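Accompanying notes for the structure given below.
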Amino acid sequence: MADAQADGRVVGRTGGRAESRTGGTAGGQWCPPEWPERIRALADGTLVPIAPKRAATVMLLKDADDGYAVHMLRRRASMAFAGGAYAYPGGGVDPRDDDLHVRWAGPTRAWWADRLGVDERAAQAIVCAAVRETYEEAGVLLAGPTPDSVIGDTTGPDWEADRVALVARDLSFAEFLDRRGLVLRSDLLGVWTRWITPEFESRRYDTWFFVAALPEGQRTRNASTEADRTVWIDPREAAAAYDRGELLMMPPTIATLRQLTAYTTAAQVLDAAPARDLTPVLVTTRLDEDGIVLSWPGYDEFTLHLPNGGTTT
């Protein structure tokens, strides 16, 4: 798995301090080349932050003989956003999925609203996004014909036609569930953390990260047009590969992988989810005489020092 590459910059670590540089493999943090210019524009008021879109991503887990693994995909190098980076299935919230006719199992919408810090309709749409994106990009569906069951097989031409329609947004997830008589299994999800894209980015997302265990009888597949490969990997192995510069990742991805290494089974991760702090993580920037300093509160390893001159060294 040492073939992850991407346009943009890779971040290495020297003496505990993060330094951005072009190329190389000593660490795999993604740092786009346009960041310095956009950060300065934000600081002088010529760049106005856009409002982040709500999104959801899912860390899909399964137990293995020597622990457990997480499902990851590698974004195609041609992608404008984080091309070549390893990530989890995820995407934007479809506002049509706040329709309250969705059949629902597990914690109530009111419980989810309180947990996610939004109203009930938004909570349903966010949970729907998590389940929909897992189906769209991994072929795994956290829903069943009854509140205590999960669909066993989502293969076949009719299922694929529906999945393609979901990807194209020709069909809302709420409509998909209703048409197939399926119950959304919100009890199979746990919300883990929340990250917001930096204010200087041209594409911004307010993303809730969820965890879920692979349902018995279902199998993952690379169903995403945005990914060129998928893997099941031990979080410790993935984090070590990132540290060696073999896997490219954005801060939320490697941060969550490091958090997962504290657990030995998928069940332990899900049990820990209800107590997780969901205070949004948002980068802060500081300009000084040497350049730009980017900091993610609570995550010192991601601190970046971008020198003056608009390029990195």
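Residues: numbered from 1 along the sequence shown. It should be emphasised that the depicted structure is a prediction, and the values quoted were computed from it without experimental measurement.
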Open item on the list: Which residues pass the side chain to side chain contact (heavy atoms under 4.5 Å, CB included) test with A129, not counting sequence neighbours?
Closed with: A56, V93, R132
Task: Hydrophobic cluster of I50, others only, ordered by chain and residue number, side-chain cut-off 4.5 Å - done: none
Task: Contacts of D271 that satisfy side chain to side chain donor-acceptor pair (under 3.5 Å) - sequence neighbours left out - done: none
Review item, side-chain donor-acceptor pairs of residues 112-119, under 3.5 Å, at least two apart:
| residue | atom | partner | partner atom | Å |
| --- | --- | --- | --- | --- |
| W112 | NE1 | S186 | OG | 3.1 |
| R115 | NH1 | R276 | O | 3.2 |
| R115 | NH2 | A273 | O | 2.8 |
| R115 | NH2 | P274 | O | 3.3 |
| R115 | NH2 | R276 | O | 2.8 |
| D119 | OD1 | R121 | N | 3.2 |
| D119 | OD1 | A122 | N | 2.7 |

Task: Shared-cluster residues of I196, by chain and number - hydrophobic side chains joined below 4.5 Å - done: L282
- [ ] If a pair satisfies ring-ring contact (aromatic ring centres under 6.0 Å, His included) and one of its residues is in residues 38-59, list it, with sequence neighbours excluded.
- [x] none
Task: Residue list, side chain to side chain contact (heavy atoms under 4.5 Å, CB included) with A272, at least two apart or on another chain - done: W192, Y263
- [ ] Could you tell me whether the side chains of Y242 and T253 share a donor-acceptor contact shorter than 3.5 Å?
- [x] no
Task: Residue list, side chain to side chain donor-acceptor pair (under 3.5 Å) with R219, at least two apart or on another chain - done: none
TODO: Output every pair passing ring-ring contact (aromatic ring centres under 6.0 Å, His included) with a member in residues 146-169, not counting sequence neighbours, ordered by first then second residue.
DONE: none
TODO: Mind checking side chain to side chain contact (heavy atoms under 4.5 Å, CB included) for T265 and listing every partner two or more places apart, or none if nothing turns up?
DONE: D63, A267, Q268
- [ ] With sequence neighbours excluded, tell me which residues meet side chain to side chain contact (heavy atoms under 4.5 Å, CB included) with P297.
- [x] T284
Open item on the list: T285: which residues meet the side chain to side chain donor-acceptor pair (under 3.5 Å) condition with it, sequence neighbours left out?
Closed with: none
